[in-house]
Amino acid sequence: MTGTVNTVLGPVPSADLGVVAVHERLVSVVPGAQFAYDVRIDRAEVFEAVAAQLRAFRAAGGGTVVDSTGMFHGRDVRLLEALSRATGVHLVASTGMGPEAMLGGYFLTPQTNPPTPWPADRFADLFTAEVTEGMVVPRVERRGLAGLAVTATTRGGRTATDESLLLGVARTALTTGVPASLRSDDVDDLDVVLKEGLPAHRVAVVADDPLAVVERGAYAVLTDPARVLELVDAGHAERVLLTTGGVGVSFGEDAPTASYADLTTALPRDVATQVLVANPRDLLAIEKR
Amino acid sequence: MARVNTVLGPIPSEELGFVAVHEHIGYGMPGSELDTRWWKSPEQRYEETVPKLRAFHENCKPYGAATFVDATGICNGRDIPYYQSLSEKTGVHIVASTGFVGGDTALPFFERASVDYLTDQFLHEITVGIAGTGAKAGIIKVGVSRGFKMKELDLRIYRAAARAALATGVPIFTHLAVDVEPAIEVFHDEGLPLHRVLFGHADDGVSQGKVRDTWIADQGGRIGFDTFGYDLELPDPPFWGRPRQERLDHFLRYVQGGRVDSVLASADANCSPLGWPGVKGHTVNYLFEVLIPALREAGVDDDTITRIFVDLPAAFLSLQTPSPTTSPS
Ligand SMILES: [Zn+2]
């Protein structure tokens, strides 16, 4: 299946993506850390660090990195554009946010009486506009189109707002044709998205139980190549994705540093062609309904 | 020498002149910056803001200078370089805050932070500067999350604020004066005298019946009559509005009842709101256009008006290292 993919520099044919690091966090800023007195975000340093990782990825045969941090965890569209131009790696950025604990008060305790948290439709409108009109550079401009919609649910059980976010992401994916991705420890979260009418092959899930994900026809995102091979052996090659599990540069929390280049040698060649090229290509291609 | 931190540097408190003690250049809930429905061009933001500050500056002239205390918390759209440009170009002194309007406006990074970390954040912003601007905070903002009930995070912020206030001498402003017992317990516990705390929004409509304002005042706390102008008589009043006369009568009970030194007054208006529609026509200049004439009409003399808007805020805002109270326990 082919189509186009929204990258930060514009639409690209999905066949051109090459080897894809499909569920990454290029720059991660815990919401609020940008205001912390002891956190210094030097854009030039951030650029250099991420660019070095992307150049190594490209030199190792990599083609595309998907940034799945969403719109409120350090996403910086202008920086991503510059990184893509400088390194030649396609970058796909995401809309969405979650889980509830990562949201700003605007969505949870709005200035209304009572302070009712946002419902699914408002999240859907917010995320959809990022795919159709452009991603926000807060209070400045919209730039580029989001290539996917992401969210996550609270470990130990989704909250009511998590559910609104899941539905918001599902509706965004349905309306715009971009894929949805979720981080979730309960396959019931995936079922919420599927019940909304989003076909399973339009969803990728970072899950504790990848088997339950692939059995429903959705993509399971894994960080362990050995687990990938197990699922491939079990006949699920077409529904498995591999990601580094690391972060390009992280502010506000410690996180392992990603090595995108390592992905290119993590799997046997025939498996890699399926898992790192074909599967992301099919997932990321915008599917108009 | 008594000094006050403004966004353009410390000034002597004698230079403050007329003080609007709780105002906002622009306030928005964290995350509202993602929603384009509220966005304004820079032209529009300056157009909405500069004339109000210039009128404020003119109105203040009989009292000397003009001082605008911006009570916007760390994650609520506080924008120091913007305030600096406004202050420099209009001549209005602007005092900025550290702290948070309430636990529910503190973003996840700060929600996870310890009392010690929050204290260090406030200390840094008061003694070193805010976000690399060199501008030092002149007040610490704290507050009660929505629901009229102190939450654990709210109290963690109150405790850190008390420690930073004791160490630096800046005063504390609270958003809301409801559920005040646990707050006062924290201040006692930390040894902060209550005259260093402005218990804000004691006059708003939704808080009435939930604020023990005379009980707070009896212990030395400052009572914030700082939502003047959010009147229910407005065409589209906010939910915290209150009948104009009722608020005025409440205020006059203090001013004419021997408690004038307990009050501080302001309008809590937004020059150009960031993440909500704001209240049309409500500006800091309400203090001159409506409040002061109403006070005069009620027989409040000019010395008392000067006391309320010049002397009391100057003393309150001055950096002072209070002698700590001893814990009652
Ligand atoms: Zn306020």
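In this text the structure is predicted, and so the values were computed from the model without any measurement.
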A.B. asks: What option among B:Ala113, B:Ser32, B:Gly28 has the most heavy-atom pairs under 4.5 Å with chain A?
C.D. replies: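 Of B:Ala113, B:Ser32, B:Gly28, B:Ser32 has the most heavy-atom pairs under 4.5 Å with chain A.
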
A.B. asks: Flag yes if more than 12 heavy atoms outside B:Lys210 fall under 6.0 Å of its NZ atom; otherwise flag no.
C.D. replies: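 Atom NZ in B:Lys210 is crowded, with more than 12 foreign heavy atoms closer than 6.0 Å.
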
A.B. asks: Below 4.5 Å from any heavy atom of chain A, which atoms of B:Arg78 appear? Answer side chain, backbone, both or neither.
C.D. replies: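 For B:Arg78, neither part sits under 4.5 Å from chain A.
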
A.B. asks: Do B:Leu107 and A:Phe72 come within less than 4.5 Å of each other through their side chains, counting heavy atoms only?
C.D. replies: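 Yes, close enough: below the 4.5 Å cut-off.
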
A.B. asks: Any idea which heavy atoms bring A:Gln111 and B:Gly275 closest together, and the distance?
C.D. replies: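 Nearest pair, atom of A:Gln111 first, then B:Gly275: OE1-O, 4.2 Å.
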
A.B. asks: If every non-hydrogen atom of A:Pro110 is compared with every non-hydrogen atom of B:Arg146, which pair is closest and at what distance?
C.D. replies: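 Between these two residues, the closest heavy atoms are O-NH1, 2.8 Å.
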
A.B. asks: Could you report the tightest heavy-atom contact between A:Arg139 and B:Gly77, atom names first, then the distance?
C.D. replies: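 Scanning both residues completely, I find the closest heavy atoms to be NH1-CA, 4.4 Å.
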
A.B. asks: Ignoring hydrogens, what is the shortest heavy-atom contact between A:Ala101 and B:Pro108? Give both atom names and the distance.
C.D. replies: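 Answer, listing the atom of A:Ala101 first, then B:Pro108: O-CG, 3.2 Å.
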
A.B. asks: To the closest 0.5 Å, what do you measure between CZ (A:Phe35) and CG (B:Asn76)?
C.D. replies: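 If we round to the nearest 0.5 Å, A:Phe35:CZ and B:Asn76:CG are 9.0 Å apart.
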
A.B. asks: Parallel, tilted or perpendicular, judged at 30° and 60°: which one describes the rings of A:Tyr106 and B:Trp38?
C.D. replies: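 Perpendicular: the ring planes of A:Tyr106 and B:Trp38 meet at over 60°.
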
A.B. asks: By a 4.5 Å heavy-atom criterion (distance strictly below it), what part of B:Leu274 contacts chain A: side chain, backbone, both, or neither?
C.D. replies: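 For B:Leu274, backbone and side chain are both near chain A.
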
A.B. asks: Does any backbone or side-chain atom of B:Phe122 lie under 4.5 Å from a heavy atom of chain A? Answer side chain, backbone, both or neither.
C.D. replies: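 Contact with chain A is absent: no heavy atom of B:Phe122 under 4.5 Å.
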
A.B. asks: Just give me the residue among A:Val39, A:Val137, A:Thr112 that pairs up with chain B most often, heavy atom to heavy atom, under 4.5 Å.
C.D. replies: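 Highest number of pairs under 4.5 Å: A:Thr112.
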
A.B. asks: Counting only non-hydrogen atoms closer than 4.5 Å, does A:Glu100 touch chain B with its backbone (N, CA, C, O), its side chain (CB onward), both, or neither?
C.D. replies: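 Neither part; nothing is under 4.5 Å.
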
A.B. asks: Counting heavy-atom pairs under 4.5 Å to chain B, which of A:Val136, A:Asn113, A:Val30 comes out on top?
C.D. replies: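 The answer is A:Asn113.
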
A.B. asks: Identify which part of A:Asp125 has an atom lying under 4.5 Å from any heavy atom of chain B, answering side chain, backbone, both or neither.
C.D. replies: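 When you check distances to chain B, no heavy atom of A:Asp125 falls under 4.5 Å.
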
A.B. asks: Would you say that more than 12 heavy atoms from the other residues, nucleotides or ligands in this model lie under 6.0 Å from the CG of A:Asp38, or not?
C.D. replies: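 Yes - once you tally the heavy atoms of other residues, nucleotides and ligands closer than 6.0 Å, there are more than 12.
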
A.B. asks: For B:Gln121 and A:Tyr37, indicate whether the former's side chain and the latter's backbone hold a donor-acceptor pair under 3.5 Å.
C.D. replies: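 Such a contact is found between B:Gln121 side chain and A:Tyr37 backbone.
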
A.B. asks: Please flag which part of A:Arg75 lies under 4.5 Å from any non-hydrogen atom of chain B: side chain, backbone, both or neither.
C.D. replies: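 No part of A:Arg75 comes within 4.5 Å of chain B.
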
A.B. asks: A:Leu126 versus chain B, heavy atoms under 4.5 Å apart: side chain, backbone, both or neither?
C.D. replies: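 Contact with chain B involves the side chain of A:Leu126 alone.
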
A.B. asks: Can you say whether A:Glu253 sits under 4.5 Å from chain B via the side chain, the backbone, both, or neither, judging by heavy atoms?
C.D. replies: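 Side chain of A:Glu253 only, per the 4.5 Å heavy-atom cut-off to chain B.
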
A.B. asks: Can you confirm whether A:Leu108 sits close enough to B:Met29 that some side-chain heavy atom of one is under 4.5 Å from a side-chain heavy atom of the other?
C.D. replies: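 They are not in side-chain contact.
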
A.B. asks: Check each atom of A:Val29 against the heavy atoms of chain B and say whether the ones under 4.5 Å are side chain, backbone, both or neither.
C.D. replies: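 Neither; nothing under 4.5 Å.
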
A.B. asks: Side chain, backbone, both or neither: which part of A:Ala36 has a non-hydrogen atom closer than 4.5 Å to chain B?
C.D. replies: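 Both backbone and side chain of A:Ala36 come within 4.5 Å of chain B.
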
